[in-house]
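Please read the structure below before turning to the comments.
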Amino acid sequence: MIEIRDIHKSFNKNKVLKGINFNIIRGESAVIIGRSGTGKSVLLKCILGLINADEGNVILNGEELYNKKMNYISQKKTKIGMLFQGSALFDSLKIWQNVSFYDSRKGIKKKTCYKKAIENLNKVGLDEKVANLFPSELSGGMQKRVALARAISIEPEVLFFDEPTTGLDPISADVINRLILEKVKDIGATAITITHDMASARVIADKIYMIHEGRIIWSGSIGEMEESSNKYVNQFINGKSLGPLTFDKN
Amino acid sequence: MNILSNIGKVITVFLEETGKFSFFLMRTLRALIGRWYFKNIFQQILFIGYYSLPVVALTSFFTGGALALQIYYGGNQFNSESIVSSIVALGITRELGPVLGGIVVAGRVSAAIAAEIGTMRVTEQIDALKSLSTDPYEYLVLPRIISGIITLPLLIFFADIIGIMGGWFIATQSLDFNGDVYLQNTESFLEISDITSGLIKASFFGLIITLMGCYNGFYSNGGAQGVGNATTNAVVSSSILILASNYIMTTLFFAT
């Protein structure tokens, strides 16, 4: 369903992605792991078209997302939802307006938008009380839930999660992980998550991809990951400072 | 070698900035044929126009008063009733109303726009808009620019009236002028073209103020410091452009 073909991306002389290739099948939850600064977020933004890749292509449901001049084409066939690292809620809008942003743009009546927003808030464990608050009045964990409600409100076929548990305490993080798992299964979406939180990866992943120095260096299931003899994977999942993944002194 | 390298860097930055601005302008123009968010336009008209009115009115009132005093003390005091009223009216409508009003609004509005859009940029809210199939140029940039172009002339029209009344107030209260004569002189001396030239200038200043606010906010990066820089750049660039374009427009309108 999603084919990532030889994606390259550089910023000036810094080559961040050096040819990323992988396929994700429909309904699968893929998690991309790797150290900070290895290009995980850049890859996600290239797939979403938030930044343009230099080479390669992304094929979504058979539709090429880059043209020959490497310009991103807004695809129409597939609905995509995104949960951003910092939630990225619109701080000038109330919670229910954030959740129903997509619907309100389509000209759906205010009353219907409000009702649907409450339904989506309920799906992520929030009640109507928060609907008329502004994002700044909520905790980080609640903001993440609202962002998740906004992402699922468009009934997406593909969901992207960028560091969904960053900045949350372990309990809130687990709540978010379970919600992601539950909602992805509920709506039957394909999910791509980038994270370096292994607890999160273990909960939500069907398949893990490890990125290092701009390339996918390993992929496999959770079980395969735990028993992997790959020294990069081993060092990363056990959080050891000694090993081939060295501390970047620059 | 060092000098050449520095010159090269300056040229590169200049070309990069020019390219970035051209792209921004092109995308904004393309948004004209996209979706129009009338609610956002209305909100921005309120923000730029209605909420700027007190500060612009105060600036204009005191400028009109100070101008009346300067002309009276510095000019011919024997025929001062007609001279003070006519120069205050001309000065306010042609130059001081639009320029000072523009600079005051630049300080308030351009900074606020750059800070708001800049914060949206660094907190990924602009990316979130795109992910929800919303063009940020249509949703954020165009409503602000259209509001600026529409609102500034209205704001400056009020500023003109208040500025003239500031001159009238000082002339009648401090200089013992006859209020009716002052107003009659103003009316007989002032031509429609004096007012419209100022309003055309104001409209262009509205474009500059909102464009600079949006542009600097849109390309801000680096967190709080980046947003701070964007805000400063928006105010400085819009103030300089207002003064420079005012000179050019004055030449075009009155030098021929």
Side-chain angles (χ1 to χ4, degrees), chain A residues 11-12 41-42 44-52 71-72 74-93 97-107 110 135-136 140 143 146-156 158-163 166-167, chain B residues 8-9 12-13 15-16 19-20 23 26-27 30-31 34-44 46-47 51 112-144 147 217-219 221-224 226-227:
Chain A
F11 294 99
N12 297 321
S41 291
V42 172
L44 204 61
K45 286 181 178 177
C46 287
I47 298 172
L48 275 164
L50 298 175
I51 52 176
N52 270 7
N71 289 320
Y72 192 85
S74 293
Q75 51 79 36
K76 304 281 179 199
K77 279 189 197 169
T78 314
K79 283 186 189 171
I80 299 174
M82 169 85 186
L83 176 66
F84 288 87
Q85 189 172 348
S87 300
L89 297 175
F90 306 125
D91 41 30
S92 58
L93 300 181
Q97 290 169 322
N98 264 282
V99 176
S100 64
F101 187 84
Y102 183 79
D103 290 327
S104 64
R105 275 199 65 254
K106 289 195 314 192
K110 198 175 167 183
S136 59
Q143 285 185 16
V146 174
L148 181 59
R150 184 176 69 183
I152 61 172
S153 73
I154 66 170
E155 291 158 9
V158 180
L159 268 164
F160 293 93
F161 300 101
D162 185 3
E163 308 275 9
T166 297
Chain B
K9 273 181 195 164
T12 311
V13 168
L15 291 176
E16 197 182 328
K20 227 160 66 174
F23 176 77
M26 199 183 73
R27 283 294 286 103
R30 212 169 77 186
R35 182 172 171 174
W36 284 51
Y37 290 88
F38 291 103
K39 193 181 164 189
N40 292 14
I41 293 174
F42 178 71
Q43 282 172 343
Q44 290 302 319
L46 268 188
F47 171 68
Y51 294 117
I113 291 175
E116 187 180 3
I117 296 182
T119 306
M120 290 185 78
R121 164 65 72 200
V122 300
T123 56
E124 294 182 306
Q125 290 178 53
I126 291 179
D127 288 343
L129 275 177
K130 287 184 194 169
S131 79
L132 292 162
S133 312
T134 304
D135 183 346
Y137 290 91
E138 290 173 12
Y139 187 78
L140 295 174
V141 178
L142 198 63
R144 283 164 174 79
S147 308
F218 213 82
Y219 287 103
N221 53 34
V227 176

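Naming: A, B, ... by sequence-line order, numbering from 1 per chain. Just so it is clear, the values below take in all heavy atoms, side chains as well, and ignore hydrogens, waters and symmetry mates. Keep in mind the model is a prediction, meaning the values are calculated, not measured.
Between B:K130 and A:L48 there is no side-chain heavy-atom pair separated by less than 4.5 Å. At least one side-chain heavy atom of A:F90 sits under 4.5 Å from a side-chain heavy atom of B:L132. Taking 4.5 Å as the limit, some side-chain heavy atom of B:E124 sits within range of a side-chain heavy atom of A:K45.
Taking a 6.0 Å sphere around CZ of B:R35, one finds it holds more than 12 heavy atoms contributed by other residues, nucleotides or ligands. Taking a 6.0 Å sphere around NZ of A:K106, one finds it holds more than 12 heavy atoms contributed by other residues, nucleotides or ligands. Around atom NZ of A:K110, no more than 12 heavy atoms belonging to other residues, nucleotides or ligands sit under 6.0 Å away.
Across every non-hydrogen atom of B:A128 and A:A88, the tightest pair is CB-O, 3.7 Å. Across all non-hydrogen atoms, the minimal contact from B:Q125 to A:D91 is NE2-OD2, 3.2 Å.
Side-chain contact of B:S133 with A:R105: a donor-acceptor pair under 3.5 Å is absent, judged by distance alone.
Of the two parts of A:L83, neither the backbone nor the side chain holds a non-hydrogen atom closer than 4.5 Å to a non-hydrogen atom of chain B. Neither the backbone nor the side chain of B:I126 comes within less than 4.5 Å of any heavy atom of chain A.
Ring centroids of B:Y139 and A:F101 are separated by less than 6.0 Å, placing the two rings close together.
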Apply side-chain contact (heavy atoms from CB on, under 4.5 Å) to residues A:F84 and B:S131 and explain how you reach the verdict. CA-CA 10 Å; A:F84 288 87; B:S131 79; 3.7 Å; yes
